[in-house]
Amino acid sequence: MGRILPRDFYNRETEIVARELLGSVLECRTGNGIASGMIVETEAYIGEHDAACHAAAGRTNRTAPLYGPPGISYVYFIYGVHWCVNAVTREEGLPSAVLIRALQPLSGIRRMKDRRGEPTRDTNLTNGPGKLCEALGITGAMNGLALQRKPLVIREGPRITSDEIITTPRIGITRAVDWPLRYIIRDNEYVSRFSRARSQRAGIRPA
DNA sequence: TCGAAGATTGTCT
DNA sequence: GACAATCTTCGAG
């Protein structure tokens, strides 16, 4: 198993952290055991000047973790249906984070299937921010926690070279839609599917 | 206290 | 491709 990524890893420019999180391993330990997956898709949300970032509206109870120290989680509930998990970046007071959008399942796949209700294909287990939280059992109870200890840990994974990384505009947002802050591993079949249609509409060649 | 919006997903046409 | 499901958060009244 790789080493746990230290707090300093996150105390850098959000775009760099988002790229380097590709290939690392998100691990979640619940009462049911451990489930983990390799991160294959991320998005950067880079501060109050980023209209798509939750912190664009300023500091509120909800966005408080974004302003916290680097290397903690930011978990929020969206559309009354899904949880999404972020890793907070940069020093305290600078609200920015990396949204984890897709994983390639590594361990605890049986548990993931149980939580997700047996999807037809393994690629459908964690290929989206809401899906991966459901598969790993991540909820709001894990908001604002340090990512260096259980239940939520991110470990170093295989090194991903820059020519294996594709950059595209972010997905599913209504503001700052053109900012190229989404990072995916080229040719990985576990990236979220939404991307293809959206990318084509935006005139960007899909991976 | 109310209303609107939202970093999504699954289902139906 | 379109749309409903479902609920938390926040600002306005």
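Reminder, nothing fancy here: chain letters follow the sequence lines and each chain counts from 1.
Hydrophobic side-chain contacts under 4.5 Å tie I4(A) into a cluster, directly or through other members, with V153(A). Through direct or relayed side-chain contacts under 4.5 Å between Ile, Leu, Val, Met, Phe, Trp and Tyr, L94(A) connects to no other residue.
Y10(A) does not carry R7(A) over the face of its six-membered ring by the limits of under 6.0 Å from the centre and within 45° of the normal.
Under the side-chain hydrogen bond (donor to acceptor under 3.5 Å, both in side chains) criterion, R29(A) pairs with no residue, sequence neighbours left out. Checked against salt bridge (charged side-chain N to carboxylate O under 4.0 Å, His left out), E27(A) has the following partners two or more places apart in sequence or in another chain: R155(A). In this structure, R59(A) has no salt bridge (charged side-chain N to carboxylate O under 4.0 Å, His left out) partners at least two apart in sequence or on a different chain. E134(A) meets the salt bridge (charged side-chain N to carboxylate O under 4.0 Å, His left out) test with R116(A); sequence neighbours excluded. Taking the salt bridge (charged side-chain N to carboxylate O under 4.0 Å, His left out) definition, one finds that K113(A) meets it with D122(A), sequence neighbours left out.
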Secondary structure of DNA chain B in dot-bracket form (Watson-Crick or G-U wobble, distances below 3.5 Å, | marking inter-strand pairs): ||||||.|||||.
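At the phosphate of dT8(B), neither OP1 nor OP2 sits under 4.0 Å from any side-chain N or O atom of S192(A).
Contacts classified as ring-ring contact (aromatic ring centres under 6.0 Å, His included) and involving residues 77-118 of chain A (residues at least two apart or in different chains) are given here: F77(A)-W83(A).
The separation between N124(A) atom CG and dT11(B) atom P is 10 Å, rounded to whole Å. L125(A) places its CG atom 15 Å from the C1' atom of dG10(B), with the value rounded to the nearest Å.
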Test log, rule salt bridge (charged side-chain N to carboxylate O under 4.0 Å, His left out), inputs E164(A) and R186(A): CA-CA 5 Å; E164(A) 293 176 276; R186(A) 180 192 296 275; over 6 Å; no
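Using a 4.5 Å cut-off on side-chain heavy atoms (C-beta onward), K131(A) and T126(A) make no contact. At a threshold of 4.5 Å between non-hydrogen side-chain atoms, the residues E43(A) and L181(A) do not count as touching.
Interface residues of residues 68-76 of chain A facing DNA chain C, ordered by number: none; criterion, heavy-atom separation under 4.0 Å. Near-neighbour residues of DNA chain C inside residues 92-99 of chain A, defined by a heavy atom below 4.0 Å, are absent.
Distance check on atom P: dA4(B) versus dA4(C) gives 16 Å, rounded to whole Å.
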Protein proximity profile, nucleotides 5-12 of chain C - base contact B, sugar-phosphate-only contact S, no contact -, cut-off 4.0 Å on heavy atoms: BBBSSS--
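Ion pair E156(A)/R3(A) flagged as a salt bridge, since at least one NZ, NE, NH1 or NH2 atom sits closer than 4.0 Å to an Asp/Glu carboxylate oxygen.
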